[in-house]
Colleague: 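Pasting a structure here, questions to come.
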Amino acid sequence: MAAKRKLAENPNSELIDFLHELADYEKNVSRMIHKYNAYRKAASSIAKIDHKIQSITDIKGLEGIGKKIAAKIEQYLSTGKIKKLETNRGDETGAAINQMTRVMGIGPAHANKLVHQEKIKSIDELRSHPKRDQLLNKTQLLGLNYLEEFEQKIPRDEIKQMEIILLREITAIDNQLRAEIVGSYRRGATASSDIDVLVTHPTVAKLPSLLHKIVETLTKQFHFITDTISVGDSKFMGVCQIDTSKLHRRIDIRVFPSEQYYCALLYFTGNDQLNRHMRIVAQEQGYKLNEYSIQKVGSTGTLSKPLPVTSERDIFDYLQMD
DNA sequence: CATTAGGT
DNA sequence: CCTAATG
């Protein structure tokens, strides 16, 4: 009885994927955010159908399917193809734009600029471009520099080792500090794409300076943090490396006041499905749950003060889940 | 959906 | 201030 684990897939998933591909092209290459949205809503609307669409009449009048999208679906139904999609796929300018976009810090806007105004067609051209240092800002340069490393997953065992260092150094700064690595690692994943650390302190009000202190010591004394992408009052984003024989990894560190810590912990541990689920049960039980707090909802719609939470357990208790 | 950088 | 990019 251990045979069926893969979840039943959507009968129209191929069509849905095509629609998403069309959507992404509009958003990243053409900069047509409305077309993008149109494809998305169309896709989500067809995603609700639970049988294989055979004729266009199966979806006529469906929400979000206008004349033009309907026409594309029609051609998909007859031939297995969509002309527009094929031509998009063959567009090498589009391909170049998508390449640029692999670099952290380069989004659609910048990618378009690089390709259109600077005529850059590939990562290699970008790397060797004479004006590279002017064309890219600091984080984009980091992204370019670590491109291949960042595309590698981080094995759980490596994260385990980092966890040890992280926790010991953080608590060495102040033994009241409490920190954990969240995200897929905390869910038990065997590899993760980055490291997400949550930190809290029971008393100190000046969390920002704590964050700075942590970042500074991890940088200067241990050289665990090798680069800073951004640091603010509550969130650090950067690069770390457990030792020089290992790859550079993306790491985020965020600080929360202790009264919000567990809601944050729950939320950042995810996954998204669980989060949505929890939010809806909260709602059903007359609460409002988010990344910072859980509060009681009065029937008039008024929210109570954030309820006291001193563990993740407390949250489940409020929601009478387990 | 909120947080940061950075440009104007 | 806005706009871009990350998560």
Side-chain angles (χ1 to χ4, degrees), chain A residues 24 26-34 36-37 40 97-118 126 131 133-147 149-151 153-154 159 180-187 189 191-200 207-212 214-216 219 225 227-240 248-257 260-261 263-276 278-280 282 288-293 295 306:
Chain A
D24 290 341
E26 293 301 334
K27 130 139 163 243
N28 300 147
V29 180
S30 330
R31 304 289 313 297
M32 301 292 206
I33 188 65
H34 300 300
Y36 164 79
N37 285 329
R40 301 285 308 198
I97 289 171
N98 290 328
Q99 279 311 303
M100 298 299 118
T101 254
R102 289 167 53 203
V103 176
M104 119 159 334
I106 301 184
H110 211 77
N112 271 272
K113 168 177 166 188
L114 293 173
V115 171
H116 294 305
Q117 1 205 208
E118 309 294 331
L126 181 56
K131 281 195 274 179
D133 294 7
Q134 291 76 58
L135 263 21
L136 303 181
N137 69 239
K138 178 185 160 194
T139 78
Q140 295 167 155
L141 287 169
L142 280 172
L144 182 56
N145 187 232
Y146 294 133
L147 178 59
E149 294 180 70
F150 288 169
E151 286 179 342
K153 290 288 214 173
I154 313 167
I159 302 187
E180 11 224 318
I181 298 182
V182 293
S184 59
Y185 173 76
R186 187 151 181 267
R187 301 194 302 263
S192 309
S193 44
D194 58 12
I195 310 177
D196 203 358
V197 187
L198 258 43
V199 177
T200 191
L207 263 16
S209 61
L210 261 173
L211 178 59
H212 296 146
I214 292 171
V215 169
E216 161 165 330
T219 305
I225 291 177
D227 305 87
T228 292
I229 293 167
S230 68
V231 230
D233 290 351
S234 60
K235 185 169 83 173
F236 160 85
M237 296 191 355
V239 183
C240 67
H248 290 85
R249 311 303 196 170
R250 276 283 295 107
I251 182 172
D252 293 347
I253 303 176
R254 45 238 302 177
V255 283
F256 288 91
Q260 327 202 249
Y261 189 63
C263 286
L265 201 52
L266 183 66
Y267 175 80
F268 286 105
T269 299
N271 57 25
D272 298 348
Q273 285 222 322
L274 175 63
N275 289 156
R276 298 177 213 171
M278 298 268 307
R279 292 189 176 196
I280 91 147
K288 161 160 181 162
L289 174 66
N290 61 199
E291 43 282 50
Y292 313 108
S293 65
Q295 22 197 196

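All chains are named by letter (A, B, ...) in the order of the sequence lines, taking the proteins before the strands, and each is independently numbered beginning at 1.
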Colleague: Rounding to a whole Å, what distance do you find between A:Gln140:CD and B:dA5:C1'?
Modeller: 10 Å

Colleague: Grab the CZ-P distance between A:Phe150 and C:dA5 for me, whole Å please.
Modeller: 17 Å

Colleague: Rounded to the Å, how far apart are A:Lys138 NZ and C:dA4 C1'?
Modeller: 17 Å

Colleague: Quick one, A:Ile251 with A:Phe236, criterion side chain to side chain contact (heavy atoms under 4.5 Å, CB included). Give me CA distance, side-chain angles, the key distance, then yes/no.
Modeller: CA-CA 8 Å; A:Ile251 182 172; A:Phe236 160 85; 4.0 Å; yes

Colleague: Of the candidate nucleotides B:dT3, C:dA5, B:dG6, which contains the atom at the shortest distance from the side chain of A:Pro108?
Modeller: C:dA5

Colleague: Distance check needed: C:dG7 P versus A:Leu198 CG, whole Å only.
Modeller: 16 Å

Colleague: Just compare C:dA4, C:dG7, B:dG6 and give me whichever is closest to any side-chain atom of A:Ala109.
Modeller: C:dA4

Colleague: Is A:Thr139 close enough to B:dT4 that one of its side-chain N or O atoms is under 4.0 Å from OP1 or OP2 there?
Modeller: no

Colleague: Looking at A:Arg250, I'd like to know whether one of its side-chain N or O atoms comes within less than 4.0 Å of OP1 or OP2 on C:dG7.
Modeller: yes

Colleague: Grab the CZ-C1' distance between A:Phe236 and B:dA5 for me, whole Å please.
Modeller: 14 Å

Colleague: Atom CD1 of A:Ile97 and atom CG of A:Asn28: how far apart are they, to the nearest 0.5 Å?
Modeller: 8.5 Å

Colleague: Atom CD in A:Gln134, atom CD in A:Glu118: separation rounded to 0.5 Å?
Modeller: 10.0 Å

Colleague: What closest approach, in Å, do A:Pro108 and A:Arg31 show between heavy atoms, and which atom pair accounts for it?
Modeller: CB-NE, 3.8 Å

Colleague: Nearest to the side chain of A:Met237 - B:dT4, C:dA4, C:dT6?
Modeller: C:dT6

Colleague: Starting at CG of A:Leu142 and ending at P of C:dT6, how long is that distance when rounded to a whole Å?
Modeller: 13 Å

Colleague: Identify which nucleotide among B:dG6, B:dT4, C:dG7 has an atom closest to any side-chain atom of A:Ser230, counting heavy atoms from C-beta outward.
Modeller: B:dT4

Colleague: Would you mind telling me which of C:dG7, B:dA5, B:dT3 lies closest to the side-chain atoms of A:Asp194?
Modeller: C:dG7

Colleague: Between C1' on B:dT3 and NE2 on A:His212, what's the gap in Å once rounded to a whole number?
Modeller: 12 Å

Colleague: Considering every strand and a 4.0 Å limit on heavy-atom distances, what is the contact class for A:Val103: base, sugar-phosphate, or nothing?
Modeller: sugar-phosphate

Colleague: Rounding to a whole Å, what distance do you find between A:Asn137:CG and C:dT3:P?
Modeller: 18 Å

Colleague: With heavy atoms under 4.0 Å as the rule, sort A:Tyr292 into base, sugar-phosphate or nothing.
Modeller: sugar-phosphate

Colleague: Nearest 0.5 angstrom please: A:Asp194 CG to A:Ile181 CD1, how far?
Modeller: 11.0 Å

